[in-house]
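Worksheet: one structure, shown below.
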Amino acid sequence: MPKQPRPESVYFFGTCLIDLFYPEAGLAGMELLQREGLKVVFPPNQTCCGQPARNNGYQDEARKVARLQMDSFPGDWPIVVPSGSCAGMMKTHYPEMFEGTPDHDRAVAFSARVYELTEFLVDVLGVKLVDKGQKVTITWHPSCHSQREAGVVEQPKALLRQLTNVTLVENPREKECCGFGGAFAVRQAEISAAMVTDKVASIEETGATQVVSGDCGCLMNITGAAEKAAKGFKGRHIAEFILERCHGR
Amino acid sequence: MAAEASKMEFGAKAHVALNDPKLRANFRRAMDGLMTKRAAQFADEAEWNALRARGAAARANALAKLPELLEQLEANCLRNGIHVHWAETTAEANAIVLGILEAAGARTVIKGKSMVTEEMHLNAHLEKHGITPVESDLGEYIIQLAGEAPSHIVMPCIHKNKTEIAELFHDKIEGQPYTENVDELTAAARAALRGAFAGADAGISGVNFAVAETGTLVLIENEGNGRLSTTLPPLHIAVTGIEKVLEKLDDVPPLLSLLPRSATGQPITTYVNMISSPRKEGEKDGPKAVHLVLLDNGRSRVHGDTELRDTLRCIRCAACMNHCPVYTRVGGHTYTFTYPGPIGKLLTPQIEGLDCAGDQPHASTLCRACADVCPVQIPIPDLLVRLRTESVRPTQGQAVKGAGSSATTSETLGWKGWTLLYASPLVYRIGTKMLGWFGNLMPSSAPMLKQWTSVRTKPKFAPKSLHELAREKGYCDE
């Protein structure tokens, strides 16, 4: 990942799940960027990256929604996304989706400006975190698309390792899918249920009291299953988790 | 109707598999072991990347020139004394194999492991005509005894544990005492198979690679049964899909290095057989006649689509299924058709049609674990999305069999509504405000939410959306 020159302003793409279910994670992401002295802009016309339609085979619909996002971030500032899945969609699939259309060039240019949040914090800003929180044992859950589409693997762990009072224990089944997969969770409900049940068990075995992730789809799936089965751990988006450590909460 | 039947079958079979703790444990243990062994083989990232690039290039090159290479293969095989037959359908291929056996007066057949003959249901066809084929690969032999189909393309009986095999042998092999001793079980299979090898009128095998340049059939295996099946009987019939062609012998080494390492984590297989002719004068072994049957069965249709063509790169290593979180949970029999796992979800709908296997491309979270380990770089998840697209709205006419068959009015309307919500900032603002107000009132038994809440709590809409909070905190002003 090439180090980019540090910009003065950035756009923030909130994601549809964060918008409706986890807005605090979005606010935390913006505050983390602001703390680094950046001007953070949340374009009000943004909605969703379009991944649900693309993955279900509705390409025209996905392109319509993707075009709105491309229109909504007009400047040439970086676009920071607190989700590896949406960042992966915008980085890798936008250029493919618009191949052979008049929008292809701007899709390529748009995708080059997209960063997953932890990727931006580490690779572009080189943040240094000061941990003011209590001692805690956590484990990390990487989303599949964060690892394998957005190419974000080491950055979130690098951030978490900067936190001196946080013990990060590795889940041996960390890389395995949690079974969310958007419509998959409903369409293949039983298989999805088996996958998330196994994921919850593997997190529980680590002994961590919190699972931290960069993707709210996985978090909704994992914490929903953990809550239903009354397991002893909570889930947290990495932006919220880090910000709370910085504030000493 | 066919589509509905298959969808129900996949779901119903998944339900049974998920509720079978023994099966779940067998697969989990086996796949964990295979993943660990493969990872050890490709610990050197740079070597892996370089090697898979060579493997992918060899396969892509062969597919780009497929028609010419097939002609070259045929010419070189004929020159070497190998008879060549072309079959467009599995029925034709079965008839060809039966015809060759009948012409030679063959009654007993010994078989090496071959997935393409499973695709043809060749054993059933031969049995119907009074010819008894005996599977000589240990795993295939076990499932033949059990009357089952393979549940994995490299390890066909991976779904069974030692105890189940011990019981099966005790029941099906005459005079076999009950034992869970693996050496004794292997010895029992070996003793039973020795007689079958010695008495076979013909041997049938698959082909791993067919080299156009030299007219050579490459077969790899671990147990020696493939070598015995192709040398001991006086007649050898090799059956392969038309896509297994390679341009030249130089293309073989990288693939020989990738295949066993990806499949079982072995550096190389015990036996690499290169068959280039029947027994020549003065030679001590080998069959008197060798036949090659080249099966299309929809492959040329797949080949005709330059994107979906990548499906045909597959070298049948099964790494994708070994690493698939869905396959690991449900096992190979859930997929109903011959090829399970990620590659099966891709290949089956293209061969059988989206109208009868249209749900298979949806049995994936698109986690990309399969694409990560594919030694020939098949972009499986992207092609699954392409098939999902074809199933609701064909993009290239009728290139895929059964294209457009899954589109329903309610689903199309649903996505129209979704687009209306997410493609207009104003509708999104009003729509999400209403969702925030009323969303939490939805009962857990509502459609879709019901499936979700089977093992999870209901997601809660936040009192204020990020859009609202961002505006309040002044993030929206440029």
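Lettering of chains follows the sequences in order, A, B, ..., and the numbering in each one begins at 1.
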When heavy-atom pairs shorter than 4.5 Å are enumerated against chain A, which of B/Leu469, B/Thr334, B/Leu387 gives the highest number?
-> B/Leu469
Between B/Cys367, B/Gly436, B/Ser364, which residue shows the highest count of heavy-atom pairs closer than 4.5 Å to chain A?
-> B/Cys367
Using the six-membered ring of B/Trp48, assess whether NZ or CZ of B/Arg38 lies under 6.0 Å from its centre and within 45 degrees of the ring axis.
-> yes
Sub-3.5 Å donor-acceptor pair from the side chain of A/Glu227 to the main-chain atoms of A/Gly224, do we have one?
-> no
Where does B/Tyr428 contact chain A at under 4.5 Å (heavy atoms): side chain, backbone, both or neither?
-> side chain
Is it the side chain or the backbone of A/Glu176 that comes within 4.5 Å of chain B heavy atoms, both, or neither?
-> side chain
Of the backbone (N, CA, C, O) and the side chain (C-beta and beyond), which part of B/Lys458 lies under 4.5 Å from a heavy atom of chain A, both, or neither?
-> neither
Most heavy-atom pairs under 4.5 angstrom with chain A, which of B/Ala363, B/Ser391, B/Pro381?
-> B/Ala363
Sub-3.5 Å donor-acceptor pair from the side chain of B/Ser424 to the main-chain atoms of B/Val427, do we have one?
-> yes
Chain B heavy atoms under 4.5 Å from A/Gln147: which part of the residue, side chain, backbone, both or neither?
-> neither
Among B/Pro459, B/Pro447, B/Ala470, single out the residue with the greatest number of heavy-atom pairs under 4.5 Å to chain A.
-> B/Pro459
What option among B/His362, B/Arg24, B/Lys464 has the most heavy-atom pairs under 4.5 Å with chain A?
-> B/His362
For B/Arg471, is it the side chain, the backbone, both or neither that has a heavy atom under 4.5 Å from a heavy atom of chain A?
-> neither
